[in-house]
Amino acid sequence: MLPPRDPPKRPPAWRILIAGGGPLGLTLALALTRGLGPAISVAVLDPGFRRSRSDPRAYSLSPGAVAMYRTLGIWSGIAAEAQPIHGMTITDSRVEDAVRPAYLRFGDDEEPLAHFVEADRLDDALREACLSEGVELAPDRVTGFEAGPNAITVEAEGAVPRPVSLLVACDGGRSTIRELAGIGWVGRAYRQSGIVATVAHEHSHGGVAIQHFLPAGPFAILPLTGTLEHPNRSSIVWTESEARIGPLLEMGRDAAQRELEARFGPELGRVELLTDLYAFPLSVGLARSYVGPRLALVGDAAHRVHPLAGQGLNLGLGDVASLAERIAEAVRLGLDPGGEPVLEAYQRDRRLDAVVLAGATDALNRLFSNDRLPSRVLRDIGLGMVDRAPGLKGLFAGQAAGTAGRAPRLMRGEPL
């Protein structure tokens, strides 16, 4: 009788380390673990995991982003708190103007242009899903790394060095990983900051987002779902010149509400500030390369765009979906997911989208963030022409909704 054979050994899982535990890092971890199962091992490092976080922002999720979260199995837990946007109105005026004519409107009563979700709700859902899939979430900060032919060894505070196949930088616009890799950056800081807050208002927003182009910069009113106490709520993204940011943040709540009401106009009635004002500097920029030896940059680590179009997160989610797709293809063929062919394919997929969106938002911000009469006349004529041209209007709506161009599989609602 022959002795029993040992069961065949499963090949060791490919190990991937993600630096940055925001929505992009967590979405990538979830996509890889749910798409590849035991063939891959994923860890997410972020010192922010040590403390509870409260993020005052709201995210605009394009139809492609919603399709991706539906495919990853978490949209059902978010949908009830996600406000569908069925219309968008664009105005061009001064703060003191009594009338703000709408130069451009678009939307579809049947299919939402986007959904707005509060940042904390999305982060909580992603973190819970990652933990349920066995993703390691470690409160460590990456301090260094060294790439070799077969692995990149990552050092982190208070942790043993880890050899992994791929290091993914999801650590924001001031990416430590990008700097340690010596990857250059081309860009500039705007003389503007964005102020975010959540407000309640007297009248319903009706699921319509509003973008007021004011001389200091755009003022966006982004509808949110209501609560029992505050049935009508919105998030704001208020662009202001650097010189005004300090005084605005230091003024009392009553004064802040008066400033907000002047920018809201009368349509939504009385305004109540529900959170503190939080400001962040605005800039535009692109990394000279999205990849290095066994290294990929994702989201703001690779590109920064002005928030006036609300597409920063969607652009980063496109990076996530593309990188996950390229990794999955390699793993299923038995190839190294951190190899140069995978990384170069990812860079080809994503660089053009970032260049186009960064250029478009930069041009719009330059055009509208001034009060010169010739500029006002030309841009208002241009907006009116777009509003009366169905083809152009459809193109603008597609760009705003994040549906233009070829999307990666996850953003088409297809599994990896």
Side-chain angles (χ1 to χ4, degrees), residues 12-33 35-36 39-49 126 130 134-185 286-303 316-331 335-351:
W14 295 101
R15 291 188 290 179
I16 292 180
L17 192 147
I18 300 168
L24 298 183
L26 294 173
T27 301
L28 179 59
L30 183 62
L32 292 174
T33 53
L36 293 170
I40 203 157
S41 171
V42 183
V44 182
L45 271 58
D46 191 325
F49 290 151
L126 285 168
C130 283
V135 175
E136 178 189 354
L137 305 182
D140 301 323
R141 183 189 305 277
V142 173
T143 57
F145 49 85
E146 183 175 352
N150 300 311
I152 181 169
T153 301
V154 181
E155 298 177 356
E157 292 176 348
V160 175
R162 301 175 183 232
V164 297
S165 300
L166 177 65
L167 171 62
V168 183
C170 297
D171 56 341
R174 298 179 179 179
S175 171
T176 299
I177 307 296
R178 187 184 67 230
E179 292 183 5
L180 289 172
I183 296 174
W185 183 260
L286 295 165
R288 291 190 179 275
S289 175
Y290 286 9
V291 299
R294 298 194 170 274
L295 170 67
L297 307 183
V298 165
D300 283 0
H303 42 69
L317 288 173
D319 296 347
V320 167
S322 175
L323 183 58
E325 186 173 325
R326 293 299 184 177
I327 290 171
E329 289 172 352
V331 168
L335 302 176
D336 185 346
E340 185 176 346
V342 173
L343 298 178
E344 287 302 326
Y346 161 66
Q347 177 159 244
R348 286 194 304 271
D349 290 345
R350 298 306 302 157
R351 195 162 185 83

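Heavy-atom basis, side chains included; hydrogens, waters and symmetry copies ignored.
- Contact record, V44 with G25: CG2-O, 4.3 Å, taken as the closest heavy-atom pair.
- Side-chain N or O atoms of R178 include none that pairs as donor or acceptor with a backbone N or O of A302 at under 3.5 Å.
- Considering CG of D140 and CG of L137, their distance stands at 11.0 Å, rounded to 0.5 Å.
- Looking only at distances, no side-chain donor or acceptor of R350 sits under 3.5 Å from a matching main-chain atom of G316.
- Counting only heavy atoms from C-beta outward, the side chains of P23 and L126 approach each other to under 4.5 Å.
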Full working for side-chain contact (heavy atoms from CB on, under 4.5 Å) between L24 and D300: CA-CA 10 Å; L24 298 183; D300 283 0; over 6 Å; no
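- Summarising the geometry, atom CG belonging to L166 is positioned 8.0 Å from atom CD1 belonging to I152; distances are rounded to the nearest 0.5 Å.
- Pairing each heavy atom of V291 with each of Q347, the nearest pair is CG2-NE2, 3.9 Å.
- Taking every heavy atom of both residues into account, A151 and P163 meet most closely at CB-CB, 4.3 Å.
- Between A138 and F49, the closest heavy-atom pair is O-CD1, 3.4 Å.
- Test E146, E136, E155 against R162 for salt bridge (charged side-chain N to carboxylate O under 4.0 Å, His left out) and you get one pass: E136.
- Checking each of T27, V168, V298 against D319 for a side-chain contact (heavy atoms from CB on, under 4.5 Å) leaves exactly one that passes, namely V298.
- A 6.0 Å sphere centred on CZ of R141 holds no more than 12 heavy atoms belonging to other residues, nucleotides or ligands.
- Shortest non-hydrogen contact noted between V142 and A19 is CG2-CB, 4.0 Å.
- From I18, atom CD1 reaches atom CG of L323 across 8.5 Å, with rounding to the nearest 0.5 Å.
- Judged by distance alone, with hydrogens and angles left aside, the side-chain atoms of Y346 form a donor-acceptor pair with the main-chain N or O of L297 at under 3.5 Å.
- In terms of heavy-atom proximity, D171 sits nearest to T176 at OD2-N, 3.0 Å.
- More than 12 heavy atoms of other residues, nucleotides or ligands lie within 6.0 Å of CD in E344, so this atom counts as buried by the packing criterion.
- With sequence neighbours left out, S165 forms a side chain to side chain donor-acceptor pair (under 3.5 Å) with no residue at all.
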Walk me through whether L286 and H303 qualify under side-chain contact (heavy atoms from CB on, under 4.5 Å).
CA-CA 4 Å; L286 295 165; H303 42 69; 3.6 Å; yes
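- Here the straight-line distance linking atom CG of L295 with atom CG of L343 works out to 8.0 Å at 0.5 Å rounding.
- Contact annotation: the side chain of I327 approaches that of L36 to within less than 4.5 Å [non-hydrogen atoms, C-beta and beyond].
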Worked check of side-chain contact (heavy atoms from CB on, under 4.5 Å) between L28 and I16
CA-CA 10 Å; L28 179 59; I16 292 180; 5.8 Å; no
message: side-chain contact (heavy atoms from CB on, under 4.5 Å), that's the test. Do L45 and L17 meet it? Break it down for me.
response: CA-CA 7 Å; L45 271 58; L17 192 147; 4.0 Å; yes
